[in-house]
There are 2 protein chains.
Amino acid sequence: MAKKASEKAYEILRDEILDWTLAPGTVLGEVEQALRLGVSRTPLREALGRLTADGLLTNDLGRGLVVTALSTKNVEELFELRQALEQQAARLAAKRRDPELFLALRDEFVEMASARMLDESGRQAYYDLVRRFDEAVDQSIRNQYLLGALRNLRIHLSRLRRLAQDNPFRLVESASEHLVIVSAIADGDAELAAHATHIHLYKSLRYALSLAQGDEGSQRDSMQIVG
Amino acid sequence: MAKKASEKAYEILRDEILDWTLAPGTVLGEVEQALRLGVSRTPLREALGRLTADGLLTNDLGRGLVVTALSTKNVEELFELRQALEQQAARLAAKRRDPELFLALRDEFVEMASARMLDESGRQAYYDLVRRFDEAVDQSIRNQYLLGALRNLRIHLSRLRRLAQDNPFRLVESASEHLVIVSAIADGDAELAAHATHIHLYKSLRYALSLAQGDEGSQRDSMQIVG
DNA sequence: TTAGCTTTCTATGTATACACAGGGCTTCAA
DNA sequence: TTGAAGCCCTGTGTATACATAGAAAGCTAA
């Protein structure tokens with residue numbers, strides 16, 4: 001048995017919001033969703049409460065709980081927070097890292113920086129590597145508050161995946177940017193790690209916004225690509 | 001009418017945790033607290049859920065919901081996050097501020113930097129000024145995500161007030177540090193504002209830790225001063 | 001006396017019933 | 001036909017009853 005109905009409801013709703021099954025602006029009624037997910041209102045309310053705390057729902061007084069939008073402006077704001085958090089994370093990771101761990105990751109990024117991302121399996125390998133790099137940073141910073149802020153940030157960032165489109169050129173570029181970061185952390189160079197992170201995020205944002213720009217014609221009131 | 005019982009329960013419990021009425025390590029049972037606060041378990045559970053999301057409670061599996069500790073290590077971690085968030089906030093505020101607003105605040109900090117903090121009313125006036133300065137920054141950054149992270153951070157910081165002890169010398173010093181920050185924001189100098197914030201937080205942390213140090217004898221398992 | 005099993009108790013998790021408020025729709029009258 | 005008033009309906013907020021799991025204590029047997 002999946003222990004808790006509230007947990008199940010939370011995960012389903014969160015995933016549906018993150019993959020745009022529940023589009024921004026969708027109103028979530030309690031009875032309606034409780035019925036749909038097969039749980040009673042009590043655990044569902046807990047799930048809705050957590051999603052609201054996460055910032056995925058907002059309490060538009062009068063309309064009920066609404067899935068939050070992700071406009072271009074939201075993305076820019078998100079990256080302003082991301083710059084602050086990830087630069088600090090890079091600094092702390094550089095100070096407190098296990099050198100072996102990051103040297104191993106560096107070697108993997110060296111491999112990746114070649115043109116291996118032209119096929120699906122290469123891209124999957126890259127995404128997996130980035131995920132393991134993020135986990136290594138998370139472990140290294142040894143700061144529960146920063147870690148919590150990063151986790152919450154990533155919830156919102158994962159809504160952007162819809163936009164990513166797996167452009168191989170961008171991924172190769174991204175790999176070489178990561179290589180600078182991971183090397184700096186391995187070397188214990190906190191300021192280099194922070195600045196390399198700055199660059200990487202700057203370029204990521206430029207890329208994301210260029211996609212959103214090209215997609216303006218098919219927008220409704222958000223960056224959603226299709227509909 | 002105080003509309004919602006859950007809101008009332010949340011505010012009472014939050015305030016009790018922040019002013020150390022509920023000490024770190026205290027276990028909060030649902031029935032027990034529902035009885036004490038005169039609400040039923042349903043709204044109380046919502047309050048406990050929010051407090052857990054805030055990081056004021058933790059789910060120590062097996063013991064139930066426990067008020068989180070605030071050790072010296074926690075304070076250092078908190079300030080590492082604070083550095084990241086407030087430096088970014090200072091940068092953005094400098095870019096987007098209403099100059100008039102911050103010039104007016106600067107004049108008030110000039111007044112304060114003299115030795116007016118020797119009596120209680122002077123200190124209250126200073127705390128009020130800092131609060132208005134924080135609000136001005138919050139308004140100026142125009143970033144909901146950063147603002148949310150700052151608000152959550154401040155919940156934890158306010159637990160440190162217990163330590164503050166209103167040292168007039170530190171307050172005068174703090175006022176002159178704020179003066180640099182507010183001037184930089186008024187001038188639109190983002191990097192100066194960030195660096196001045198860095199200095200201010202560095203000194204604040206040093207001061208807080210020196211107090212905690214001096215208090216080590218009366219510690220239990222946290223920085224609580226009395227008991 | 002001690003170890004292991006069973007029982008019970010207390011806690012959380014869940015379901016559901018009731019309360020109440022706000023909005024929309026219908027109806028009646030001018 | 002239109003405006004206003006009242007009623008109903010839908011949704012959230014709250015209370016409470018029931019289910020269940022984990023821990024602690026007691027009982028029995030060796």
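The shown structure was predicted, so the numbers you read here are calculated from the model rather than taken from an experiment. What's counted below: heavy atoms across the whole structure, side chains too, no hydrogens, waters or symmetry copies. Note on naming: letters A, B, ... go to the chains in the order of the sequence lines (proteins, then strands), and numbering restarts at 1 for each one.
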Round to a whole Å and report the spacing from CZ of Arg45(A) to C1' of dT16(C). 14 Å
With no angle test and no hydrogens, is the base of dT14(C) tied to the side chain of Ser6(A) by a donor-acceptor pair under 3.5 Å? no
To the nearest angstrom, the CG-P distance between Asp60(B) and dA11(C) comes to 17 Å
If we count only N and O atoms by modelled type, under 3.5 Å, do the side chains of Arg45(A) and Ser6(A) hold a donor and an acceptor together? no
Counting distance alone, no hydrogens or angles: does the base of dG13(C) have a donor or acceptor under 3.5 Å from a partner atom on the side chain of Arg41(B)? yes
Tell me: CD of Glu46(B) to P of dA15(D), nearest whole Å? 12 Å
With distance as the sole criterion, do the side chain of Arg63(A) and the base of dG23(C) form a donor-acceptor contact below 3.5 Å? no
Geometric cation-pi criterion, Arg123(A) with Tyr126(A): 6.0 Å, 45°: no
Phosphate OP1/OP2 of dT14(C): any Thr42(A) side-chain N/O under 4.0 Å: no
When rounded to whole Å, the OH to C1' distance for the pair Tyr10(A) and dG13(C) reads 19 Å
Could you state the atom-to-atom distance from NZ of Lys4(B) to P of dT14(D) in whole Å? 7 Å
Spacing between Glu30(B) atom CD and dT14(D) atom C1', to the nearest angstrom: 15 Å
Separation of dG13(C) atom P from Leu48(B) atom CG, nearest Å, is 10 Å
What's the CD-P distance between Gln33(B) and dT12(C), to the nearest Å? 10 Å
Of Val39(A) and Gly64(B), the one whose nearest nucleotide on DNA chain C sits closer to the 5' end is Gly64(B)
Does the Arg159(B) side chain pair with the main chain of Leu18(B), one donor and one acceptor, at a distance under 3.5 Å? no
Parallel, tilted or perpendicular for Tyr145(A) and His156(B), by the 30°/60° rule? perpendicular
